[in-house]
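Source: prediction; values computed, not measured.
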Amino acid sequence: MEKVKAKKHLGQHFLKDESIAKAIADTLSLNNYQDILEIGPGMGVLTQFLIEKPVNTYVIEIDTESVTYLDENFPKLKGKIISKDFLKYNINEIFEGKQFAIIGNFPYNISTQIVFKALEYRNQIPEFAGMFQKEVAQRICEKKGTKAYGILSVLVQAFYEAEYLFTVNEDVFIPPPKVKSGVLRLRRKENFTLECSEKLFFSVVKTAFQQRRKTMRNSLKTFNLSDNLKEDTIFDLRPEQLSVEQFISLTQKIEADAV
């Protein structure tokens with residue numbers, strides 16, 4: 001079969017530099033899991049290195065042309081190609097509650113949605129690695145005190161150690177994107193259970209950053225906090241000034257205030 005043509009509506013930019021693909025594949029430690037899920041393999045430039053590793057490699061691909069190409073060119077993937085939309089697919093139809101890693105050269109137009117869905121499966125995903133638009137990769141790994149620090153940074157880093165690994169230039173893709181790319185690795189924390197309501201934590205973080213220029217006192221008005229709690233000095237800060245640990249502590253205080 002001829003090579004697959006990149007489709008703009010799917011945000012496809014096929015990586016052509018195999019040394020970069022190998023470097024991405026090698027970011028995984030392969031510790032404490034036997035399965036890998038690659039999202040959006042395209043023509044398999046990353047896949048070719050994953051299938052040589054001592055784990056089971058599955059791929060999920062929405063593009064039927066790519067699925068056909070993979071099926072014809074990668075016999076080791078027989079029975080392991082999932083022709084579905086990752087964002088709408090129940091991963092446990094394959095993994096049935098088991099631990100697995102996620103990796104990929106993610107389509108930029110849905111990359112943050114991929115991260116949010118992976119967070120829903122955090123109990124099963126000890127490791128997550130891959131390539132994003134550089135700005136998004138940096139945002140995920142950013143620490144407090146900058147404009148880039150936001151919802152994605154806090155929610156990911158509450159459960160994972162986030163590490164920005166390296167930058168990838170535009171000219172190694174077909175077609176080349178208009179922005180640079182960045183590769184990151186997430187490794188789940190040994191203790192990734194929050195000492196507060198996780199649902200409330202997500203709500204506090206998202207609500208705070210939706211009005212990031214305001215102080216926490218003003219951005220969290222919808223929580224109907226007691227006057228006593230609002231006197232806490234943490235409410236004088238803007239959301240970007242709070243560390244992940246401070247957001248957890250704040251959630252604990254809001255939880256106690258509601259009792």
Side-chain angles (χ1 to χ4, degrees), residues 1-30 35-78 80-87 100-115 117-118 127-141 162-186:
M1 180 180 174
E2 292 183 5
K3 290 189 174 181
V4 178
K5 291 182 180 177
K7 297 166 187 65
K8 190 173 183 180
H9 73 282
L10 293 177
Q12 289 176 328
H13 296 276
F14 295 131
L15 180 65
K16 62 182 180 180
D17 189 319
E18 293 196 355
S19 64
I20 293 174
K22 185 177 187 304
I24 294 171
D26 289 345
T27 59
L28 293 177
S29 70
L30 308 183
D35 300 297
I36 294 173
L37 178 66
E38 182 188 358
I39 299 173
M43 288 184 286
V45 66
L46 175 58
T47 316
Q48 64 184 319
F49 298 106
L50 296 174
I51 58 178
E52 298 304 322
K53 295 186 179 295
V55 288
N56 302 311
T57 297
Y58 294 82
V59 299
I60 185 164
E61 175 61 71
I62 194 173
D63 179 20
T64 54
E65 191 182 357
S66 291
V67 168
T68 302
Y69 182 92
L70 294 164
D71 192 46
E72 292 180 359
N73 290 276
F74 291 88
K76 286 187 177 181
L77 286 179
K78 188 171 179 61
K80 296 179 180 177
I81 302 173
I82 308 163
S83 182
K84 298 284 185 181
D85 179 348
F86 172 74
L87 297 177
F100 65 98
I102 283 181
I103 194 167
N105 299 324
F106 306 116
Y108 296 155
N109 56 343
I110 60 165
S111 62
T112 55
Q113 293 169 268
I114 288 171
V115 174
K117 178 156 186 186
E127 217 163 24
F128 178 113
M131 183 147 56
F132 294 78
Q133 182 177 329
K134 181 182 179 183
E135 180 186 291
V136 176
Q138 289 177 321
R139 194 186 310 154
I140 291 169
C141 301
E163 186 180 2
Y164 185 93
L165 299 176
F166 57 91
T167 300
V168 179
N169 291 327
E170 301 91 329
D171 60 358
V172 298
F173 295 91
I174 302 173
K178 295 179 180 178
V179 294
K180 293 190 185 301
S181 302
V183 175
L184 60 75
R185 174 175 57 212
L186 308 179

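Arg185 places a side-chain N or O within 3.5 Å of a backbone atom of Thr27 that can act as its donor or acceptor partner. A donor-acceptor pair is defined here as one N or O able to donate and one able to accept, closer than 3.5 Å; no such pair exists between the side chain of Thr47 and the backbone of Met43. In terms of modelled atom types and a separation under 3.5 Å, the side chain of Asp71 and the main chain of Val67 share no donor-acceptor contact. Counting only distance, with no hydrogens or angles, the side chain of Thr57 and the backbone of Leu50 share a donor-acceptor pair below 3.5 Å. Asp17 places a side-chain N or O within 3.5 Å of a backbone atom of Ser19 that can act as its donor or acceptor partner.
With contacts defined as side-chain heavy-atom distances shorter than 4.5 Å, the pair Ile20/Phe166 qualifies. Side-chain contact between Asp35 and Val55: absent, with no pair of heavy atoms (C-beta onward) separated by less than 4.5 Å. Within the 4.5 Å cutoff, the side chain of Phe100 has heavy atoms near those of the Ile102 side chain. By the 4.5 Å heavy-atom criterion applied to side chains, Pro176 and Asp171 are not counted as neighbours. Looking at Leu184 and Leu165, their side chains never come closer than 4.5 Å, going by heavy atoms from C-beta outward.
For Lys22, the NZ atom sits in a loose shell: 12 or fewer heavy atoms of surrounding residues, nucleotides or ligands are nearer than 6.0 Å.
Salt-bridge annotation for Lys178 and Glu170: absent, with no side-chain N of the basic residue lying under 4.0 Å from a carboxylate O of the acidic one. For the pair Glu135 and Arg139, the salt-bridge criterion is met [side-chain N within less than 4.0 Å of a carboxylate O]. Between Lys76 and Glu52 there is a salt bridge, since a side-chain N of the basic residue sits under 4.0 Å from a carboxylate O of the acidic one. A salt bridge links Lys53 and Asp26; the closest N-O separation between the charged side-chain nitrogens and carboxylate oxygens is under 4.0 Å.
Scanning both residues, Phe49 and Glu18, for their nearest heavy atoms gives CE1-O, 3.5 Å. Glu61 approaches Ser66 most closely through the heavy-atom pair CG-CB, 3.6 Å.
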Q: Could you walk me through whether Ile140 and Leu186 pass the side chain to side chain contact (heavy atoms under 4.5 Å, CB included) test, one step at a time?
A: CA-CA 10 Å; Ile140 291 169; Leu186 308 179; 4.2 Å; yes
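Aromatic ring centres of Phe106 and Phe86 lie farther apart than the 6.0 Å criterion allows.
Evaluated for a side chain to side chain contact (heavy atoms under 4.5 Å, CB included) with Ser181, the options Gln133, Lys134, Met131 yield exactly one hit, Met131. For the side chain to side chain contact (heavy atoms under 4.5 Å, CB included) test with Asn105, the passing option among Leu46, Val183, Val168 is Leu46; the others fail.
Residues passing the salt bridge (Lys or Arg N to Asp or Glu O under 4.0 Å) test with Lys16: none are found, sequence neighbours excluded.
Looking at Ser29 and Glu127, their side chains do bring a donor and an acceptor atom within 3.5 Å of each other.
Atom CD1 of Ile114 is separated from atom CD1 of Ile39 by 4.5 Å, given to the nearest 0.5 angstrom.
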